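Taking it in order: structure first as structure tokens, then the write-up.
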Amino acid sequence: TSFLPNISGDLKSIIESGVTADNEDMLNPRDDALFEGGWVMDVGKLERDTKLKVQKYGGLGYIDMKTALYGIPSSGTLKLWLPYETRSSTPPPDSSASASKYFNSIVLCEVNEKRGDKECNMLSNVSFRVGGVDVSSQRSVSQVKGVASYLKKDICIRLQIPEEAKLRARNNGLGVDVAVTVTGTGVTREDGACSISHVIWENL
């Protein structure tokens, strides 16, 4: 997750590349130039405005912040690496086997914020690769319904793991690569950039 406060499972731990380096305070607006060539960790306008208002009164107990990675077509490809989390009772994974043998599915969730009708559509404005294989077809990407929603909008999608998907070694472990690219030419920050706030994967 990218939401704050974060106790465990920081989204940054699975990012491999494609994110713009930015050390500014989250409450400072991001310049458009930051989105050229990289996804950006940011918060929505309503979230930022609300946080700034309550800070004047000591926060009023408003301790969370809905941060997320935001991308537009010019941001390029966001690359994630999801580790296979071994259990003490199971043997280590076979590096030559298909990723589908060890990963059941991958769920990506958008930030839950109110935006307009022209906002990014994760099903039609984004392409995905899992384990080096394109999974952008409607058969491989589906909406997760009735589990996570905001203002009656379902905000999570599920990526299937294709048989051809490969595992890759990193940090003395094995995992699967996930690449995310905004392909919808009409996606803009003004109308609502694509966002990823949570990544959930199920090991087999």
Side-chain angles (χ1 to χ4, degrees), residues 1-52 55 63-83 106-116 118-132 134-136 141 150 155-157 159 168 170-171 173 175-201:
T1 180
S2 62
F3 283 10
L4 301 176
N6 188 289
I7 307 303
S8 65
D10 190 340
L11 186 63
K12 294 178 181 178
S13 67
I14 60 172
I15 295 172
E16 192 157 70
S17 64
V19 174
T20 299
D22 177 27
N23 296 319
E24 286 288 331
D25 188 301
M26 273 297 162
L27 295 183
N28 292 336
R30 268 45 181 175
D31 190 270
D32 287 341
L34 285 176
F35 292 79
E36 300 296 322
W39 289 59
V40 177
M41 188 67 75
D42 197 8
V43 296
K45 182 180 184 302
L46 179 60
E47 178 80 2
R48 178 177 285 114
D49 291 347
T50 302
K51 190 73 172 180
L52 289 171
Q55 272 195 342
I63 63 171
D64 65 318
M65 188 179 294
K66 299 171 184 176
T67 57
L69 285 169
Y70 289 83
I72 55 177
S74 59
S75 299
T77 300
L78 170 67
K79 295 183 179 180
L80 311 174
W81 182 82
L82 312 184
I106 298 167
V107 173
L108 305 179
C109 297
E110 304 175 67
V111 67
N112 54 337
E113 61 187 8
K114 184 178 181 180
R115 303 195 287 179
K118 296 181 180 180
E119 68 175 320
C120 170
N121 184 315
M122 293 291 281
L123 290 177
S124 59
N125 296 146
V126 185
S127 68
F128 305 95
R129 294 182 69 84
V130 175
D134 180 60
V135 294
S136 300
V141 183
Y150 183 71
I155 59 174
C156 297
I157 59 170
L159 309 181
R168 185 169 67 85
R170 181 183 179 224
N171 298 336
V176 66
D177 293 312
V178 178
V180 186
T181 307
V182 181
T183 54
T185 56
V187 175
T188 66
R189 289 187 69 196
E190 291 75 19
D191 291 330
C194 300
S195 68
I196 297 176
S197 62
H198 297 76
V199 180
I200 306 156
W201 63 99

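All values reported here derive from a predicted model rather than from experimental measurement. Sequence positions, counted from 1, serve as the residue numbers for this chain.
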- Query: Who are the side chain to side chain contact (heavy atoms under 4.5 Å, CB included) partners of S195, not counting sequence neighbours?
  - Reply: A68, Y70, E110, V111, R115
- Note on the structure: Closest non-hydrogen atoms of R170 and W81, given as atom of the first, atom of the second and distance, are O-CH2, 3.4 Å
- D31 (side chain) donor-acceptor with A33 (main chain) under 3.5 angstrom: yes
- Residues that D177 engages under side-chain hydrogen bond (donor to acceptor under 3.5 Å, both in side chains), provided they are two or more places apart: R168
- Task: Quick one: list whatever passes side-chain hydrogen bond (donor to acceptor under 3.5 Å, both in side chains) with T188, sequence neighbours left out.
- Result: D191
- In Å, rounded to the nearest 0.5 Å, how long is the span from CD1 of I14 to CG of L82? 5.0 Å
- Query: Given the rule in the side-chain contact (heavy atoms from CB on, under 4.5 Å) test, do D32 and E190 qualify, once you have shown the distances and angles that lead to the verdict?
  - Reply: CA-CA 10 Å; D32 287 341; E190 291 75 19; 4.3 Å; yes
- If you measure from CG on L78 to SG on C194, what distance do you get to the nearest 0.5 Å? 11.0 Å
- Tell me, please, which residues at least two apart from S124 pass side chain to side chain contact (heavy atoms under 4.5 Å, CB included). N121
- Message: Working to the nearest 0.5 angstrom, can you tell me the gap between T20 OG1 and L34 CG?
- Response: 6.0 Å
- Would you please name every residue forming a side-chain hydrogen bond (donor to acceptor under 3.5 Å, both in side chains) with D134, sequence neighbours left out? S136
- Query: Just wondering, do P73 and N125 contact through their side chains at under 4.5 Å, heavy atoms?
  - Reply: no
- Output, in order, the C-alpha distance, side-chain angles, deciding distance and verdict of side-chain contact (heavy atoms from CB on, under 4.5 Å) for F128 and L108. CA-CA 11 Å; F128 305 95; L108 305 179; 3.5 Å; yes
- Task: For residues T67 and S197, report the shortest heavy-atom separation together with the two atoms involved.
- Result: O-CB, 4.0 Å
- Item | Under the side-chain hydrogen bond (donor to acceptor under 3.5 Å, both in side chains) test, residues paired with T181 that sit two or more places apart | T77
- Assess whether side-chain contact (heavy atoms from CB on, under 4.5 Å) is satisfied between V180 and W39, documenting all intermediate values. CA-CA 10 Å; V180 186; W39 289 59; 3.9 Å; yes
- Output, in order, the C-alpha distance, side-chain angles, deciding distance and verdict of side-chain contact (heavy atoms from CB on, under 4.5 Å) for R189 and V40. CA-CA 11 Å; R189 289 187 69 196; V40 177; over 6 Å; no
- Atom CE of M41 and atom CD1 of I196: how far apart are they, to the nearest 0.5 Å? 10.0 Å
- Message: Side chains of W201 and L80, heavy atoms from C-beta outward: is any pair under 4.5 Å?
- Response: no
